[in-house]
Amino acid sequence: MGRPAPITRSGVVARVVFALTVLSTLAYCLFVSDRVRIDTSLQDLNPDTSLAEGPRYATQRLSEDISQRFLMLVKGADQRQVNAAVRELQIDINAINGLSVLTNDSVSSDYLSALSPYRFHLLTGAQRQALRQGAPDALAAKAQRQLYQLGDGIRLIPFEQDPLGWFSDYLLSRLEITGAASLDAESVIVDESGDSHYFTAFSVLIRDYPKDMEAQQHLYQAIEAASRDIRRNYPVELLRSGLFFFAVDSAQSAKGDIQLIAVGSGVGVLVLMLLVFRSLLPLLLSLGSIAIGVGFGIVTSALVFGGIHIFTIVFGASLIGIVVDYSLHYFYHYLSDEKGGDRHKAPGALLRALALSVVTSLVGYGALALSDLVLLKKVALFSCSGLLMAWVSVIVLGPLVTARPIVARQSLLMGVIANLYRAIPRRLPVMAGAGVLLSTLGAAYLILSEIPTNDDPRRFFHVSPALQSQEQQVADLTQVYEPGRYFIVSGTTADELYGRLDAFYAALDGQQEAVMSVRDYLPSPQAQQQNYALQRALYRDNGVLDRFYQRLSVDASQATTMKQAYKEAAGHRIDYAALLNSLPSLPPLWIEHENTIYSFVLIRKNSDLAALESAAQNIAGISYINTLGSAMSALEAQRVTAAQLLLVAYGLIALLLLLHYRSLSAVALLFIPVTASIVTLAILAGIGQAITIFHMMALFLVLGLGMDYIIFAREMRHKPAITQQAILLSAVTSLLSFGLLAFSSMPVVQAFGSTILIGNSINFIAAMSLLALPPSFTSDRKQ
Amino acid sequence: MMRNAVCLLLLGYLLVPAALAQTDSEPASPTGVSEEAEAQLLAAIFPDSCHFSGQFSQQKAVKGLPMPLKSRGDFYFSCELGLIWHTQAPFQEALLYANASDSYRVNERGDIEPLSGVAKYAMSNIFLRVLKGDTDYFAQMFTVRRAENESGTELLPDSAFMQKGIKRILISKQRDDNDAVTLNIHIDDTTGQRTAVTINQITPYAINDKQAAYDQCRALYPSTRKWCRALRMPGQVIR
């Protein structure tokens with residue numbers, strides 16, 4: 001063993017920086033890790049749409065609000081049991097920390113309390129019409145009739161505060177229009193066999209949405225426990241609906257995937273390293289670089305995104321198979337260098353190969369950040385930071401490990417390689433011919449057959465059939481509005497916004513009942529002022545109220561208090577924002593952002609969407625939003641853009657190879673990942689997988705990982721046997737990781753894994769073929 | 001909403017014939033009875049006849065008003081047609097309930113206008129179930145028992161929806177020397193307000209078909225035949 005070479009100043013600095021980084025990462029993981037949020041939001045799978053910043057902000061707020069509510073539905077053949085079950089379930093859910101049951105009872109009574117002080121400013125359209133027509137006697141007579149009527153004369157506030165019943169009428173009409181009066185009312189359905197089933201649904205508000213996976217599980221378990229008790233005690237069926245349950249379901253699937261991939265990859269690496277090196281030191285460096293890389297990825301994700309998404313961990317688990325490559329190549333270099341050289345310093349060829357290898361992987365993973373999907377950005381950050389740090393750890397710690405001789409069981413790998421070479425082409429014309437043939441066939445298949453594509457974000461995550469069925473049943477029974485379709489209206493002032501709403505309602509031409517907006521909850525400030533002026537006819541001397549009391553033969557002095565209250569209410573108006581503040585259970589139809597107000601108009605199910613969209617076309621400040629349609633369009637655009645960017649990436653890497661090797665034959669090596677990508681897409685389409693943005697993004701990694709092998713095959717060509725073994729081991733670990741991803745229950749992960757599994761297998765075979773070629777083919781300028 | 005539940009007030013009227021037929025054979029416990037006993041009680045109070053008419057008087061106490069509101073009138077019910085609820089004093093008004101979705105009000109000018117709003121649906125729904133003698137429905141929706149400190153049968157809504165507006169319905173009957181029955185219905189709503197309805201002079205009819213029910217209606221309301229037409233052909237009346 002030679003004398004250790006002196007370490008340069010820059011080397012010392014690099015090691016100090018590395019040590020500090022590792023220590024900081026370690027400290028963060030030890031002391032702050034319990035505060036690292038494991039995010040499970042499904043919003044990360046939604047692309048940014050083409051909406052402007054303001055409407056996008058408003059839409060996000062709406063989405064957040066929706067995700068913080070869920071619906072419980074109790075169904076049974078016995079109405080009494082259903083009612084008892086609902087009562088008990090509501091009590092149990094209210095007892096769960098962070099949850100509040102929103103019954104219509106509470107919503108409508110809160111709505112009543114909030115609006116009551118402003119009752120002199122509120123009128124229905126019919127009431128305004130009646131007041132404009134005059135005829136105080138007729139109005140007094142009608143109020144008298146209502147008072148006597150059994151059904152029609154109910155007062156929502158005491159008679160003394162609303163003797164004419166106008167405010168009660170206003171409120172009831174609003175509750176009827178907005179649907180707040182119907183949700184937790186019992187309903188009945190009759191099944192195909194003629195049996196009646198009663199059901200009651202109610203909303204639950206998640207006051208503090210659990211961002212952390214553990215807290216989410218805790219909350220879910222509490223809901224599950226409450227549900228179990230109800231199912232045990234009552235003969236009822238319990239259904240639920242809400243994004244919360246989808247997030248929990250996906251998180252549970254992801255958790256299983258993480259365990260499978262991490263344990264599978266980890267055990268694979270462990271067995272391979274022990275089998276081949278028969279020493280703990282290489283194993284320790286490999287595991288150490290994996291731990292450092294993954295730890296650093298977690299820390300950077302937590303620092304940049306405030307937490308780590310569970311899907312990122314699933315994708316990130318596949319890093320194990322790639323990170324271990326650096327240490328493998330590092331050790332294999334020393335296998336052939338036992339009798340001489342400086343064991344404390346990696347030779348230039350190895351460093352160059354390792355550097356190029358990490359750069360191509362970084363390009364592959366970094367390309368994911370080009371997507372508009374937040375999830376892919378997160379995966380890109382986690383993977384790139386993890387890869388980089390793992391690579392640095394191999395470079396820094398490698399010399400310490402290789403200070404002692406490394407022995408590998410090469411005969412085993414050589415036997416495998418020998419068998420492999422019997423099956424793959426070893427001559428350039430055959431190899432090139434096979435590549436051209438396969439890529440031509442693949443391309444022809446892709447062009448001639450209409451390959452299935454899928455840009456529906458709902459298909460990106462795993463949903464258990466049971467949950468999907470529940471969601472559908474609840475939607476069928478309770479859904480009033482079109483999911484994901486609405487209008488967004490903007491205005492700089494409340495009156496401007498209401499003016500646009502008025503214009504929209506007017507353009508609806510008899511279809512006003514098809515939509516619901518803030519206008520149905522509250523009139524505009526201007527309309528409130530007009531309503532107040534109109535109500536003067538009710539409360540002036542000898543007005544409707546005086547005549548009403550005369551009809552009842554009640555002393556006219558009874559009206560004095562009401563008249564005084566009317567006078568004192570002058571100028572007391574309320575806007576939707578204030579109403580929303582006092583009534584958080586109301587839908588967030590009013591969002592203020594940077595001096596603009598945005599408001600949503602909901603569309604009732606089975607409405608004529610085309611007619612509604614057409615009605616809005618000529619009105620300024622109102623646009624139709626189809627969330628799913630927009631998301632699908634955005635994802636389709638991204639899929640196409642990804643394909644174009646992939647071409648750009650190939651171009652850039654070609655340029656890099658040309659500049660570095662000054663040889664066209666080096667550039668021609670790119671034909672390998674090109675073939676791998678085309679054949680992979682053809683195979684995936686052939687087996688019926690619909691191509692998504694995730695398949696396309698995975699092709700960047702096919703390029704990156706393919707270049708890894710090619711670079712090693714080229715850079716380490718002077719040690720073909722060793723390099724073949726290193727590449728074989730590297731490929732086995734990578735394919736193990738991505739192979740495990742391909743068996744994930746999550747469609748996005750499966751797409752990613754299967755693409756890389758197929759593509760990288762082709763890359764590997766091609767790289768091995770490359771190493772079997774005569775040296776003349778791999779010659780470059782330096783020779 | 002509360003309005004929906006208070007619409008159940010009219011339920012009392014529909015229980016009249018059943019209450020007349022009620023027997024003392026089924027004792028009820030103060031705290032409630034078994035479902036079987038409830039079903040028997042309900043079966044006993046549902047109408048024997050599907051066609052009858054009578055007079056009503058109503059007294060409604062409203063907090064804030066120094067005196068109770070009194071009204072009176074007549075009614076006609078037929079399983080084949082629906083219900084006419086005709087107030088004669090202190091003002092003229094008629095409510096016409098044809099079926100679950102077609103209900104009308106006759107204003108002081110005699111014009112028929114549809115009843116709108118939540119009330120219409122709730123009332124119509126309850127009315128039809130009572131008129132059909134839907135024992136299962138009432139067994140599901142109410143606890144039926146003997147009143148504790150008052151004479152009569154008590155109906156307590158089980159449904160949370162109904163409980164929002166109605167606290168209980170108490171039905172008692174008196175039979176005079178001529179075997180004429182007077183039925184007293186007290187409805188307590190959730191605001192603590194009590195409405196007392198007295199129904200008497202009940203006349204049952206033996207009617208076999210819709211035409212006969214319509215003819216009886218015209219006989220009872222000869223000057224306002226369009227009320228009967230509204231019941232016979234709901235939906236066409238206001239066209």
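By convention in this document, chain letters (A, B, ...) are assigned in the order of the sequence lines, proteins followed by strands, and residues within each chain are numbered from 1. Every heavy atom of this structure was used, including side-chain atoms; hydrogens, water molecules and symmetry mates were not.
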- Might you point out which heavy atoms bring R145(A) and F91(B) nearest each other, and give the distance in Å? CG-CE1, 3.3 Å
- Task: Please report the closest heavy-atom contact between V554(A) and M67(B), naming both atoms and the distance.
- Result: CG2-CE, 3.7 Å
- Query: With sequence neighbours left out, what residues match S116(A) under side-chain contact (heavy atoms from CB on, under 4.5 Å)?
  - Reply: R119(A), I157(A), Q161(A), F167(A)
- For Y539(A), which residues count as a ring pair (Phe, Tyr, Trp, His ring centres under 6.0 Å) partner, sequence neighbours excluded? F120(A), Y566(A)
- Message: Does atom NZ (K142(A)) have a neighbourhood of more than 12 heavy atoms from anything else shown, all under 6.0 Å?
- Response: no
- chain B contact via Q558(A) - side chain, backbone, both or neither, heavy atoms under 4.5 Å: side chain
- Query: Does CD in E513(A) sit with more than 12 non-hydrogen atoms of other residues, nucleotides or ligands closer than 6.0 Å?
  - Reply: no
- Task: Compare every heavy atom of Y148(A) with every heavy atom of S71(B), then report the nearest pair and how far apart it is.
- Result: CB-CD2, 3.8 Å
- Given L65(B), V62(B), L69(B), the one with more heavy-atom pairs under 4.5 angstrom with chain A than any other is L69(B)
